[in-house]
Amino acid sequence: MSIYGYTAKSIREGDVSLERYRGKVLLIVNTASQCGFTNQYADLEKLHEEFGDKGLVILGFPCNQFGQQEPGDEAAIEQFCTTSFGIKFPMFAKVEVNGENAHPLYQFLKSQAPGFLGTKNIKWNFTKFLVSSNGTKIQRFAPTTTPAKLRERILELLKT
């Protein structure tokens with residue numbers, strides 16, 4: 001199965017099939033508004049502005065599983081992202097990324113790109129998954145890897 005078989009609830013539109021993004025390079029990130037990494041939203045938006053028309057789509061998935069750092073509802077999350085960072089890339093409804101209630105998309109991502117020493121669980125907010133334009137090659141990046149550090153890898157994937 002590829003990433004295109006999954007659906008997620010958009011923060012605005014209801015259910016969205018990831019089929020919508022076929023042929024695009026995807027950067028999928030679990031986000032939080034009250035995290036020490038929250039400023040990464042600014043770099044994510046810069047990547048969106050620079051590469052969005054070249055085939056990159058950033059997908060933000062708010063998650064409240066780490067330190068309760070995303071306590072708001074979808075309206076509060078959208079307001080925060082728009083007001084604080086001018087986010088224009090697609091944001092989705094709050095999800096769980098670990099445990100038995102983990103969103104199926106995240107179950108798939110974790111199985112395809114395990115973390116350090118093969119761990120499956122996501123360790124914190126702003127873990128990033130970079131997905132090739134054919135939806136099959138997936139790389140995981142730690143929260144400490146800033147979006148700017150992914151720029152060259154994104155460029156490589158956009159060229160293929």
Side-chain angles (χ1 to χ4, degrees), residues 2-4 6 8 10-11 18 21-72 77-78 80-82 84-99 102-160:
S2 79
I3 197 160
Y4 306 120
Y6 294 92
S10 168
I11 210 162
L18 268 62
Y21 306 113
R22 185 178 289 276
K24 305 288 186 182
V25 172
L26 302 177
L27 182 58
I28 301 173
V29 185
N30 64 300
T31 62
S33 300
Q34 298 176 10
C35 176
F37 296 115
T38 298
N39 284 336
Q40 288 188 21
Y41 269 128
D43 283 343
L44 290 168
E45 183 57 29
K46 284 180 188 174
L47 289 175
H48 168 74
E49 290 171 8
E50 183 176 2
F51 298 119
D53 63 347
K54 294 174 177 70
L56 173 69
V57 179
I58 297 168
L59 305 177
F61 286 86
C63 179
N64 195 39
Q65 285 188 291
F66 307 102
Q68 305 298 302
Q69 295 178 342
E70 189 60 271
I77 294 166
E78 183 176 27
F80 173 81
C81 289
T82 303
S84 300
F85 295 98
I87 298 301
K88 294 179 189 76
F89 57 81
M91 291 293 295
F92 289 80
K94 202 183 307 187
V95 299
E96 290 187 16
V97 298
N98 289 331
H103 191 283
L105 171 62
Y106 270 88
Q107 292 175 18
F108 175 73
L109 291 169
K110 293 185 305 181
S111 72
Q112 298 300 302
F116 185 67
L117 297 176
T119 58
K120 295 281 197 244
N121 276 345
I122 291 176
K123 293 185 179 170
W124 205 255
N125 302 309
F126 289 89
T127 296
K128 298 153 202 76
F129 290 91
L130 189 58
V131 183
S132 65
S133 60
N134 66 8
T136 59
K137 295 178 186 170
I138 301 170
Q139 292 179 286
R140 181 193 291 214
F141 297 91
T144 54
T145 303
T146 64
K149 289 181 183 174
L150 300 178
R151 190 176 184 284
E152 293 304 315
R153 184 67 188 125
I154 289 167
L155 278 170
E156 289 172 21
L157 289 174
L158 289 172
K159 291 177 185 175
T160 59

Chemist: Only distances under 3.5 Å count here; give the side-chain donor-acceptor pairs of residues 111-123 to other protein atoms, sequence neighbours excluded, each with its distance to 0.1 Å.
Modeler:
{"from": "Ser111", "atom 1": "OG", "to": "Phe108", "atom 2": "O", "distance (Å)": "2.8"}
{"from": "Thr119", "atom 1": "OG1", "to": "Phe116", "atom 2": "O", "distance (Å)": "3.1"}

Chemist: Below 4.5 Å, heavy atoms only, C-beta onward: do Lys110 and Asn98 meet side chain to side chain?
Modeler: yes

Chemist: Measuring from atom CG of Leu26 to atom CG of Leu18, what distance do you get when rounded to the nearest 0.5 angstrom?
Modeler: 6.5 Å

Chemist: Please enumerate all residues that pass ring pair (Phe, Tyr, Trp, His ring centres under 6.0 Å) together with Phe51, with sequence neighbours excluded.
Modeler: none

Chemist: So, does Glu70 use its side chain to make a donor-acceptor pair with the main chain of Ser33 at under 3.5 Å?
Modeler: yes

Chemist: State plainly whether the residues Glu156 and Lys159 are in salt-bridge range, i.e. N to O under 4.0 Å.
Modeler: no

Chemist: Can you confirm whether Thr146 sits close enough to Phe37 that some side-chain heavy atom of one is under 4.5 Å from a side-chain heavy atom of the other?
Modeler: no

Chemist: So do the side chains of Phe85 and Glu45 get within less than 4.5 Å of each other, counting heavy atoms only?
Modeler: no

Chemist: Side chains of Val95 and Asn30, heavy atoms from C-beta outward: is any pair under 4.5 Å?
Modeler: no

Chemist: Between Thr31 and Ile77, is the side-chain contact (heavy atoms from CB on, under 4.5 Å) condition met? List the steps.
Modeler: CA-CA 10 Å; Thr31 62; Ile77 294 166; 5.8 Å; no

Chemist: Any heavy-atom pair between the side chains of Val131 and Tyr21 that's under 4.5 Å?
Modeler: no

Chemist: What residues form a side-chain contact (heavy atoms from CB on, under 4.5 Å) with Ser133, not counting sequence neighbours?
Modeler: Val25

Chemist: Would you indicate whether the side-chain heavy atoms of Phe89 and Leu59 approach each other to under 4.5 Å?
Modeler: no

Chemist: With heavy-atom distances below 4.5 Å as the criterion, would you say the side chains of Pro147 and Lys46 are in contact?
Modeler: no

Chemist: Hey, is the main chain of Gly52 close enough, under 3.5 Å, to the side chain of Lys24 for a donor-acceptor pair?
Modeler: no

Chemist: Quick check: does any side chain N or O of Gln40 sit under 3.5 Å from a backbone N or O of Pro143, one acting as donor and the other as acceptor?
Modeler: yes

Chemist: On a heavy-atom basis, which atom in Tyr106 and which in Val29 lie closest, and how many Å separate them?
Modeler: OH-C, 3.4 Å

Chemist: Between atom NZ of Lys88 and atom NE2 of His48, what is the distance when rounded to the nearest 0.5 Å?
Modeler: 7.0 Å

Chemist: Do you know the tightest heavy-atom contact between Gly135 and Tyr4?
Modeler: N-OH, 3.3 Å

Chemist: Any chance you could lay out the side-chain contact (heavy atoms from CB on, under 4.5 Å) test for Val97 and Phe61, step after step, and finish with the verdict?
Modeler: CA-CA 9 Å; Val97 298; Phe61 286 86; 5.7 Å; no

Chemist: Assess whether side-chain contact (heavy atoms from CB on, under 4.5 Å) is satisfied between Tyr41 and Phe80, documenting all intermediate values.
Modeler: CA-CA 11 Å; Tyr41 269 128; Phe80 173 81; 4.1 Å; yes

